[in-house]
Amino acid sequence: MRTRFAPSPTGYLHIGGVRTALFNWLLARQSGGQFVLRIDDTDSHRNVEAALQPILDGFRFLGMDWDEGPDVGGPHGPYFQSQRGEQYADAIERLLNDGHAYWDYARPKELAAMREEAKHSGTAFVYDRRYAADSQPDRERFEKEGRQGVVRLRMHREGQCVMPDLVRGEVIVEWASEQDHVIARADGSPLYHLASVVDDHAMQITHVVRAAEHLPNTPRQIFIAEALGYPLPKYAHLPYVAEPGGTAKLSKRKIDKYTKQRDFAKLLSHGHKIADRCGLAISSETFNPVLVDFYQKIGFLPDVLLNYLMLLGWSLDGSRERFQRDEMVKLFTLERVNLAPASFDPAKLLAFQADTFATLELDHRVELVRPFAMAAGLMQGDDDASLGAVVEAAGDRLKVAGDIVDFDYCFVDEFEYDAKAFKKRVLTPEDAVLLLSELSQHLEAAESFDIGGAEATVKGFCEKKEIQLGQIIHALRVATTGQPGGFGMFETLAILGRDRVVRRIQACIQKAASDEA
RNA sequence: GGCCCGUUCGUCUAGCGGUUAGGACACCGCCCUUUCACGGCGGCAGCACGGGUUCGAGUCCCGUACGGGUCACCA
């Protein structure tokens, strides 16, 4: 089994594309076959290399390796369509010679008028081939009129095209509703359909697994393949990935619309928080949950993304949702791919990420979190001891690796007080400031300042003052962390250490005084 | 508009003629708790509609509605 993914170099990797690529990759790995990456750059005049880089980076991040393609080569290269011109020219020549294609000299304007007319009469547009050149003299005559020729397919005008599909069974369309599609431009350069069919054959692709939006393209590809005498690959058309909260196809261009959707907006701002604090160079063009880059930048686990994407339009049995990578490879089947589009749910993806991350070994989490802590300036050198303590204490509060920025107060003294919490816990209770002041002295004199020592000291203080723990602990938290919530108070004190705790309580008391005044 | 595809809780889905229509995420409530999370328990909520076929239809057939894809000298 040989499958392929054929992106055009656009400069980014879309999660819908990843889902398609994933199914292809899964099939190849499961069967012991090959997964080919081919670059569809027939239309590209720009810097292909630069536009390709983010795509390759994305696949590498996701751990989806390709057996043949850019960087790795292979026996059927080159894997860039822009470098395969000869093969296309040969194919076009054969189609022309065999009468399956013809030179056409209709002007774009004339074609547009014909299409307009068909639209008005409510019928399918079928080109009547009135500018078809069947001989060399015909071509010269048209060219003398200043017309430019393109090569068109001479499609069947009767009968049916039966498209076998591994996901949908059989799809049948009338040939008569198909157009004489252009396969070569006026300058002779090939168009997508021609190139795609020629390459799939040359690269011995056995299974063409792609999004359902290609379904209407399939008859003309079948026509080309048959005309060229190629055996047909097996086709499988996947439902496309739909936008969050909607049914339309997920598109990078409609991000503005998605940001009005609650869960998408939440994920996006979650990402921005991390990016801001880590000083990541992000562009609004690529930093958003439609693109893989976003997840890589904020510390998602690649396997989680793949696991979630696999479940978009596929299920094992309706109850099991979590799969290790090797299980994905083992269990995936085209037979269980759904027919209806599946909408992308950012909240569910985050939920997958959160509890998968929480199951990782502490060391592993520390390793993942470290680059973010460094980028955010929370650690100078490799102070893994305190990082380890924070990661352990934070537990499942870290959903993605970048969430370490939420605990910046464990590392550095510059933090903001949460205004609401400050007012409620420090300013409002009458005795809060006085209690903090006294507690500070006790902490200064505490025998030990590990978790147990901090706890004993604070609790001893409460006993002595005959107050409940709840009457002081909230103010203490705000004073030492600025936050209304966080992990265990005594863990927090121990991690901060005596000096910082005392200093922060003093600073808090001062702020309270100046706020009062 | 032509051609094609689709339709089970808000979302992802299970279901392949007989089920109190199951699970997950989200949401709501309760419990746990020094806070925030986690966790536990519970709740809300679905077969688009109309005809057939059948003893019996979420499951099969037809139609309607709605949604979507596609109609380039883009891929």
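Computed from heavy atoms alone, side chains included, the values below leave out hydrogens, waters and symmetry copies.
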Asks: Round to a whole Å and report the spacing from CZ of R210(A) to P of rG69(B).
Replies: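 For the pair R210(A) CZ and rG69(B) P, the rounded distance is 18 Å.
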Asks: Identify whether NZ of Lys or CZ of Arg in R322(A) sits under 6.0 Å from the centre of the six-membered ring of F352(A) and within 45° of that ring's axis.
Replies: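 Yes, cation above the ring, under 6.0 Å and within 45°.
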Asks: If I pick the P atom on rG58(B) and the same atom on rG51(B), what distance separates them, to the nearest angstrom?
Replies: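 So the two P atoms sit 13 Å from each other.
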Asks: Could you please name the partner base of rG58(B), counting Watson-Crick and G-U wobble pairs only when both distances are under 3.5 Å?
Replies: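 Result: none.
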Asks: Rounded to the nearest angstrom, tell me the gap between atom OH in Y192(A) and atom C1' in rA75(B).
Replies: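 Answer to the nearest Å: 6 Å.
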Asks: Whole-Å distance between rC3(B) P and M155(A) CE?
Replies: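 Going from M155(A) (CE) to rC3(B) (P), I get 16 Å.
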Asks: What is the distance, rounded to the nearest whole Å, between atom CG of L316(A) and atom C1' of rG15(B)?
Replies: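 L316(A) atom CG is separated from rG15(B) atom C1' by 14 Å.
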Asks: Of I172(A) and H181(A), whose closest RNA chain B nucleotide lies nearer the 5' terminus?
Replies: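 Closer to the 5' end of RNA chain B: I172(A).
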Asks: Expressed in angstrom and rounded to an integer, what is the separation of R320(A) atom CZ from rA14(B) atom C1'?
Replies: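 In whole Å, rA14(B) C1' and R320(A) CZ are 15 Å from each other.
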Asks: Less than 4.0 angstrom between a side-chain N/O of K119(A) and OP1 or OP2 of rC71(B), yes or no?
Replies: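 For K119(A), the contact criterion (side-chain N or O under 4.0 Å from OP1 or OP2 of rC71(B)) is not met.
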Asks: Considering only atom P, compute the distance from rC16(B) to rA21(B) and round it to an integer number of Å.
Replies: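 Those two atoms are separated by 14 Å.
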Asks: Could you encode protein contacts along nucleotides 31-48 of chain B as a string, one character per nucleotide from 5' to 3', using B for base contact, S for sugar-phosphate-only contact and - for no contact, with a heavy-atom cut-off of under 4.0 Å?
Replies: ---BBBBS----------
Asks: Tell me the partner of rA65(B), counting only Watson-Crick (N1-N3 plus N6-O4 or O6-N4) or G-U wobble (N1-O2 and O6-N3) with both under 3.5 Å; none if nothing fits.
Replies: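 Per the H-bond distance test, rU7(B).
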Asks: Just checking, R147(A) and Y131(A): is the charged tip under 6.0 Å from the six-membered ring centre and within 45° of the axis?
Replies: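 Pair R147(A)/Y131(A) counts as cation-pi.
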Asks: Consider only side-chain N and O atoms of T123(A) and S121(A), and report whether a donor and an acceptor are under 3.5 Å apart.
Replies: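 Judged by distance alone, the side chains do pair up.
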Asks: For rC71(B), give its Watson-Crick or G-U wobble partner with both distances under 3.5 Å, or none.
Replies: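 rC71(B) is paired with rG1(B).
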Asks: In terms of ring plane angle, is the pair W314(A) and F332(A) parallel, tilted or perpendicular, where the classes change at 30° and 60°?
Replies: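 W314(A) and F332(A): tilted rings.
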Asks: Using a strict 4.0 Å threshold on nitrogen-to-oxygen distance, state whether R38(A) and D200(A) make a salt bridge.
Replies: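 Here R38(A) pairs with D200(A) in a salt bridge, since their nearest N and O are under 4.0 Å apart.
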Asks: Looking at F487(A) versus F407(A), is the centre-to-centre ring distance below 6.0 Å?
Replies: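 When the ring centroids of F487(A) and F407(A) are compared, they turn out to be within the sub-6.0 Å range.
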Asks: Using atom C1' in both nucleotides, what's the gap between rU8(B) and rU34(B) to the nearest angstrom?
Replies: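 Between the two C1' atoms, the distance is 45 Å.
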Asks: So is the aromatic ring of H214(A) stacked onto the base of rA75(B), judging by whether the centres are under 5.5 Å apart and the planes are under 30° apart?
Replies: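 Ring-base stacking flag set for H214(A) and rA75(B).
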Asks: With a 4.0 Å cut-off on N to O distance, would you call D104(A) and R129(A) a salt bridge?
Replies: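 Not counted as a salt bridge, because no side-chain N and carboxylate O are separated by less than 4.0 Å.
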Asks: Taking atom P in both rG52(B) and rA57(B), what distance in whole Å separates the two?
Replies: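 Here rG52(B) and rA57(B) have their P atoms 11 Å from each other.
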Asks: Select from S8(A) and D263(A) the residue whose nearest nucleotide in RNA chain B is closer to the 5' end of that strand.
Replies: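 Its nearest nucleotide lies further toward 5', so the answer is D263(A).
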